[in-house]
Amino acid sequence: MQFELQYTCEESKARAGKIQTDHGVIETPIFMPVGTAGSVKGIHKRDLKDDIQAQIILGNTYHLYLRPGTDIIERAGGLHRFNGWDGPILTDSGGFQVFSLGDIRKLTEEGAKFQSHIDGSYHLFTPENVMDIQRKIGADIMMAFDECTPGDAEFAYAKKSLELTQRWLERCWNRFEQTSPLYGHSQSLFPIVQGAVYPELRRKAAEHVLGFNSDGYAIGGLSVGESEKDMYAMIEVVNEILPQDKPRYLMGVGTPVNILQAIDRGVDMFDCVMPTRNGRNGMLFTSEGIINIRNRKWADDFSPVDPNGTSFVDHSYSRAFLRHLIIAGEMLGAQIASQHNLAFYLWLVKEARRHILDGTFKAWKEEMVVRLAVRL
RNA sequence: GGGGAGAUACCAAAGUGGCCAACUGGGGCUGACUGUAACUCAGCUGACGUACGUCUUCGUAGGUUCGAAUCCUGCUCUCCCCA
């Protein structure tokens, strides 16, 4: 994997770049749709590629390991062959599940022991076997196994948690180096910077990951309960230290405004479940602001879902019809909303990139962060 | 024609003397959702008021009682069974 930094702003830390993978090019800044179980919920790969214009998607180690199981994916020839997505894939390691499934797992030095949310069986995830699983999944970008520290963690816990993540990173890296890709395309491993909302921990964490000459670096443990102010501050602290010539991935973020603010602070890659999950639940992100399509006021609004939208769903369906579908629990409603939101997110980062390359990012961003937060 | 059952809030359906403005579903309204245990979850849903509360409700008209959705009587309507 290679990263080429094409342009940096003068009045902002925003960057435009290009990541070359064996499954194609990724133009940054980029948003990566989340496909936890191997599929971006409700979206066909054709729409993902042609309509939404996704350049890379996510999968999840924990979820894919439990179902369908690593063995099936390996026998399929890797996740690309299994799900038919021939573009780049990034897999999260299960580190987020250490956080989100906190009630059904136990943390030890060795790893995280999960009780399956599917059948109650026990599974020990270690830095080593998480690397092995991601080799078998065949992700272009693998993530280090970390503990995603809660945003409200006390300093003492955050420090202890960070140190565990750092020891796990050493083990991840060793296993990564000792093993090879299984399917003929190369794989990269991204370390993850933790440290909760404590600048000194974040600095230590950022400096620590520099010791690994990885192809890119991730900022984790944000948008997990801390304030937005803290989140932005942590991004600034970390990006001060991360190298210019490697892509930076802000994990799990965020709202359209979060993304623009993070781009402004030098982040290149994003993923978030928001466009799909919130879409399924009736929330639409548009260039005019946020719509709760379930609200009564859209019941007889027969105008297009999004007159400025780039997706075919934006012009093929009315707001009134989409509202009807969502309210009635029709599957198509969730699909249309997800597709619209993802297309919007991809449009947004593409526009950001265009403005960065034009040198007009800052002014454009300032205008957009106001508009995008409006509730319609 | 004979016999039986029943009428409760938008719908369905509990409640059968005070703990009832009335369980619970559904529907409706609003909100939440950030590396997906999520097509999920939460609140509100007689009126007025932030709220303590006040007022009007359980087919209808009366009655009994300190007190009725709950007991009694008349009336209206609905459903079921047998002819």
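Letters A, B, ... are given to chains in the order of the sequence lines, protein chains preceding strands, and every chain is numbered from 1.
B/C55 and B/G59 have their P atoms separated by 22 Å, with the value rounded to a whole Å. One C1' atom belongs to B/C23, the other to B/U45, and the distance between them is 16 Å to the nearest Å. To the nearest whole angstrom, the two C1' atoms, one in B/C71 and one in B/C66, are 16 Å apart. The P atoms of B/G67 and B/U56 are separated by 16 Å, rounded to the nearest whole Å. Only the P atoms considered, B/C11 is 23 Å distant from B/C20, to the nearest whole Å. Separation of the P atoms belonging to B/A9 and B/A22 is 16 Å when rounded to the nearest angstrom. Comparing B/A68 with B/G17, their C1' atoms sit 6 Å apart, to the nearest whole Å. When the C1' atom is used for both B/U65 and B/C75, the distance is 23 Å, rounded to whole Å.
Pair assignment for B/U40 gives B/A32, based on Watson-Crick or G-U wobble hydrogen-bonding distances that are each under 3.5 Å. The base-pairing partner of B/C48, taking Watson-Crick or G-U wobble contacts with both distances under 3.5 Å, is B/G53. Nucleotide B/C10 forms a pair with B/G26, judged by Watson-Crick or G-U wobble geometry with both contacts under 3.5 Å. Of the nucleotides present, B/G63 is the one that pairs with B/C71 by Watson-Crick or G-U wobble criteria, both distances under 3.5 Å. The partner of B/C20 cannot be assigned: no Watson-Crick or G-U wobble pair with both contacts below 3.5 Å exists in any strand.
Ion pairing between A/Asp264 and A/Lys13 fails under the 4.0 Å rule for side-chain N and carboxylate O.
Both A/Gly94 and A/Met331 sit near RNA chain B, but only A/Gly94 has its closest nucleotide nearer the 5' end. In terms of position on RNA chain B, the residue among A/Ala334 and A/Asp92 whose nearest nucleotide sits closer to the 5' end is A/Asp92.
Within 3.5 Å, a donor on the side chain of A/Thr276 pairs with an acceptor on the base of B/U36, or the reverse.
With sequence neighbours excluded, the residues satisfying salt bridge (Lys or Arg N to Asp or Glu O under 4.0 Å) with A/Arg75 are A/Asp71. Listed by chain and residue number, A/Trp173, A/His208 satisfy the ring-ring contact (aromatic ring centres under 6.0 Å, His included) test with A/Phe212 (two or more places apart in sequence, or in another chain). With sequence neighbours left out, A/Glu240 forms a salt bridge (Lys or Arg N to Asp or Glu O under 4.0 Å) with no residue at all. Residues forming a salt bridge (Lys or Arg N to Asp or Glu O under 4.0 Å) with A/Lys45 (at least two apart in sequence, or on another chain): none.
Taking the six-membered ring for Trp and thresholds of 30 and 60 degrees, A/His185 and A/Tyr183 have nearly parallel ring planes, at less than 30 degrees apart. The aromatic rings of A/Trp364 and A/Phe361 sit tilted, their planes meeting at an angle between 30° and 60°.
Within the nucleic acid shown, A/Asn278 comes within 4.0 Å of at least one base atom, counting heavy atoms only. Counting non-hydrogen atoms under 4.0 angstrom, A/Gly333 reaches nothing in the nucleic acid. Using a 4.0 Å heavy-atom cutoff across all strands shown, A/Gln335 reaches no nucleic acid atom at all.
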Every protein N/O within reach of nucleotides 25-28 of chain B N/O, cut-off under 3.5 Å:
from	atom 1	to	atom 2	distance (Å)
B/G28	O3'	A/Arg296	NH1	3.4

Each nucleotide N or O in nucleotides 40-46 of chain B that has a protein N or O under 3.5 Å away: list the pair and distance.
from	atom 1	to	atom 2	distance (Å)
B/U40	O4	A/Asn281	OD1	3.2

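Residue A/Gln97 places at least one side-chain N or O closer than 4.0 Å to OP1 or OP2 of B/U36. Note on A/Thr36: a side-chain N or O is less than 4.0 Å away from OP1 or OP2 of B/U36. Within the 4.0 Å cut-off from OP1 or OP2 of B/G31, at least one side-chain nitrogen or oxygen of A/Asn292 is found.
For residues 26-78 of chain A, every residue pair satisfying the ring-ring contact (aromatic ring centres under 6.0 Å, His included) rule, not counting sequence neighbours, is listed here: A/Phe31-A/Tyr345, A/Tyr62-A/Phe114, A/Tyr62-A/His117, A/Tyr62-A/Phe125, A/His63-A/His117, A/Tyr65-A/His123, A/Tyr65-A/Phe125. Judged as a ring-ring contact (aromatic ring centres under 6.0 Å, His included), not a single pair has a partner in residues 235-263 of chain A (not counting sequence neighbours).
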Residue pair A/Met231, A/Asn258: steps toward the side chain to side chain contact (heavy atoms under 4.5 Å, CB included) verdict: CA-CA 9 Å; A/Met231 173 168 77; A/Asn258 290 160; 3.6 Å; yes
Just do the side chain to side chain contact (heavy atoms under 4.5 Å, CB included) check on A/Arg105 and A/Gln97 with the steps written out, would you? CA-CA 9 Å; A/Arg105 57 84 177 148; A/Gln97 280 62 45; over 6 Å; no
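Atoms CZ (A/Phe99) and C1' (B/A37) sit 14 Å apart, rounded to a whole Å. In this entry the distance linking CZ of A/Phe96 with C1' of B/A37 reads 11 Å, nearest Å. Summarising the geometry, the separation between CG on A/Leu101 and P on B/A38 is reported as 9 Å, rounded to the nearest angstrom. As a whole-Å value, the separation of A/Met283 CE from B/A32 C1' is 9 Å. In this structure, CD1 of A/Ile293 is placed 15 Å from C1' of B/U30, rounded to the nearest angstrom. Atom CZ in A/Arg105 sits roughly 13 Å away from atom P in B/A37 (whole-Å rounding). The distance between atom CE of A/Met234 and atom C1' of B/G35, rounded to the nearest whole Å, is 19 Å. Separating the CZ atom of A/Phe31 from the P atom of B/U36 is a distance of 11 Å, rounded to the nearest angstrom.
Closest heavy-atom contact between A/Ser338 and A/Ala334: OG-O, 2.7 Å.
Atoms CG and OH, on A/Asp152 and A/Tyr157 in that order, are 11.0 Å from each other to the nearest 0.5 Å. In this structure, CE in A/Met142 is found 5.5 Å from CZ in A/Phe176, a value given to the nearest 0.5 Å. Atom CZ of A/Phe82 and atom CD1 of A/Ile137 lie 11.0 Å apart (nearest 0.5 Å). Here the CG atom belonging to A/Leu189 is positioned 8.5 Å from the CZ atom belonging to A/Arg135, to the nearest 0.5 angstrom.
Shown for residues 123-153 of chain A: residues whose heavy atoms fall under 4.0 angstrom of RNA chain B, namely A/Asp146, A/Cys148. Contacts with RNA chain B (heavy atom under 4.0 Å) in residues 55-74 of chain A: A/Leu58, A/Asn60, A/His63, listed by number. Against RNA chain B, the stretch residues 107-122 of chain A makes heavy-atom approaches under 4.0 Å through A/His117.
Of the possible donor and acceptor atoms, none in the side chain of A/Arg202 sits under 3.5 Å from a partner among the backbone N and O of A/Val238.
Clustering of Ile, Leu, Val, Met, Phe, Trp and Tyr by side-chain heavy atoms under 4.5 Å joins A/Tyr198 with A/Phe155, A/Leu162, A/Val197, A/Leu201.
Side-chain N/O atoms of A/Ser311 and A/Asp51 include a donor and acceptor closer than 3.5 Å.
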